[in-house]
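Convention: sequence-line order gives letters A, B, ...; per-chain numbering from 1. Just the heavy atoms: all of them, side chains too, but no hydrogens, waters or symmetry mates, feed the values below.
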Amino acid sequence: MATTEVASEVTGSVWKVELEEGDHVDEGSVIMILESMKMEIPVEAPVAGKLVDVRVSPGESVEEDQVVCVIQS
Amino acid sequence: MSTQASLLQLLADGAPHSGESLGQRLGISRAAVWKHIKALRDAGLEIDGASGAGYRLRHPIRLLDEAEIKAATGQAIGQYAGLRVEYQVDSTNRLALEASPPLPVAVLAEQQTAGRGRRGRPWMSPLGGALYLSVAWPFEAPARGLSGLSLVAGLALADAIEEACVLNTRLKWPNDVQAQGRKLAGILIELVGDPAGQCRAVLGLGVNCALPESVAEGIDQPWTDLYRETGAVPDRNRLAGALLRNLAAVLPVFERDGFAAFQQQWDQRDALRGQDVVLALGERSLEGKALGVDADGALRLQTPDGEHRYVAGEVSVRLRS
């Protein structure tokens with residue numbers, strides 16, 4: 001089993017989290033949407049698998065390169 | 001063109017037209033004219049009169065016209081792979097998000113039935129009352145390289161309004177366009193990445209042109225429109241052309257040089273600099289003095305414990321008590 005950490009590409013805040021821990025994701029599934037300077041930026045699954053860890057919640061600030069969730073495949 | 005769109009075109013001049021003459025020109029009965037008039041009224045248009053006396057649009061409008069928009073854009077139209085001008089759509093941003101390559105593509109509509117604002121909020125989109133324009137623009141850079149795009153789009157919009165409508169505007173971070181402290185235009189940007197590391201940015205721009213009172217009641221902040229500010233019916237085709245031209249000029253420069261290339265121009269339009277403001281960040285809010293923006297487009301705030309930079313949140317001018 002491989003684990004893949006998914007990092008935020010931007011500094012911003014979490015607008016909404018679309019999936020929950022335990023959910024299956026396909027490559028390209030939108031896991032959450034971040035907001036930075038009025039841009040809405042989706043965080044997409046880079047690989048298919050199971051979402052095992054969601055580390056942020058709506059309203060929280062995130063930094064560039066911060067790991068926001070983990071996928072096991 | 002739908003019958004409703006044709007009827008609107010006949011009424012656009014703001015002169016009175018009898019139900020009978022409208023029916024003749026459209027090839028429909030007076031009763032059918034009345035039904036379409038009602039539908040236009042339901043869509044937010046203010047139409048005075050009744051069938052006998054003649055129907056009259058309270059504020060004449062200029063309908064969107066593809067040929068006029070292209071002419072107003074000038075040579076820069078060559079930088080766009082596609083231009084779609086629609087009568088009614090659910091959301092111009094959705095169409096631009098889903099538009100097939102090649103990009104860039106611009107989508108305009110007279111009316112949106114499900115216009116999108118920030119964070120899924122509805123964006124009031126009455127028929128003909130505003131300019132709704134979404135542009136899907138391709139970037140080689142991934143999302144991280146696009147910090148400040150929001151501000152650059154705001155600048156292009158403010159410049160276009162000034163040029164096409166001769167109106168002084170300022171920008172409220174990150175990109176609300178204001179006239180006399182009231183919101184005149186707004187922008188929502190949605191980014192989509194692709195596996196190759198490229199990125200599609202959809203810039204959704206909405207400019208209030210002549211909003212009917214009935215719609216205006218639903219807006220939760222001080223607002224204005226071009227008609228109220230300039231006293232003239234805005235030429236939306238000219239405005240759209242200026243906007244498409246400005247975007248085509250600034251976006252390639254932004255992709256190469258980043259926001260820093262525009263910081264000085266942005267500063268000149270900054271509505272908040274030097275003001276005491278409140279920044280709402282989710283449940284929290286903090287107060288400080290706005291110091292302008294940095295080279296990435298982040299808001300600089302002087303707070304009691306020093307200077308901080310912010311890329312998220314909703315900022316408003318603090319009212320003195």
Practice item. Answer with side chain, backbone, both or neither: which region of Glu35(A) has an atom nearer than 4.5 Å to a non-hydrogen atom of chain B? Key: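 Answer is both: backbone and side chain atoms of Glu35(A) are under 4.5 Å from chain B.
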Check your understanding: Can you check side-chain contact (heavy atoms from CB on, under 4.5 Å) on Leu188(B) and Glu40(A), steps first, answer last?
Key -> CA-CA 8 Å; Leu188(B) 168 73; Glu40(A) 294 180 2; 3.4 Å; yes
Point to revise | Closest contact, heavy atoms only, Val311(B) versus Gly12(A) | key: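 For Val311(B) versus Gly12(A), the nearest heavy atoms are CG2-CA, 3.6 Å.
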Check your understanding: Does the side chain of Glu44(A) come within less than 4.5 Å of Val192(B)'s, by heavy atoms?
Key ->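 Contact flag for Val192(B)/Glu44(A) side chains = yes.
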**Study point:** Heavy-atom check, side chain of Lys38(A) versus side chain of Ile189(B), under 4.5 Å
**Key:**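 No, their side chains stay 4.5 Å or more apart.
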Can you measure from [atom1] ([X]) to [atom2] ([Y]) and round to the nearest 0.5 angstrom?
{"X": "Leu191(B)", "Y": "Ile33(A)", "atom1": "CG", "atom2": "CD1", "result": "11.0 Å"}
{"X": "Tyr310(B)", "Y": "Ser36(A)", "atom1": "OH", "atom2": "OG", "result": "14.5 Å"}
{"X": "Ser147(B)", "Y": "Met39(A)", "atom1": "OG", "atom2": "CE", "result": "6.5 Å"}

Point to revise | Toward chain A, the part of Ile187(B) with a non-hydrogen atom under 4.5 Å | key: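 Backbone only.
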Check your understanding: Using non-hydrogen atoms only, which part of Asp176(B) is less than 4.5 Å away from chain A: side chain, backbone, both, or neither?
Key ->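 Contact with chain A involves both backbone and side-chain atoms of Asp176(B).
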Check your understanding: Would one find more than 12 heavy atoms of other residues, nucleotides or ligands at under 6.0 Å from atom CD of Gln221(B)?
Key ->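 It does: Gln221(B) CD has more than 12 such atoms within range.
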Check your understanding: Any chance CD of Gln180(B) has more than 12 other-residue heavy atoms, nucleotides or ligands included, within less than 6.0 Å?
Key ->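 12 or below, so no.
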Check your understanding: Ignoring hydrogens and geometry, is there a side-chain-to-backbone donor-acceptor pair from Ser150(B) to Met37(A) under 3.5 Å?
Key ->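 Checked: pair present.
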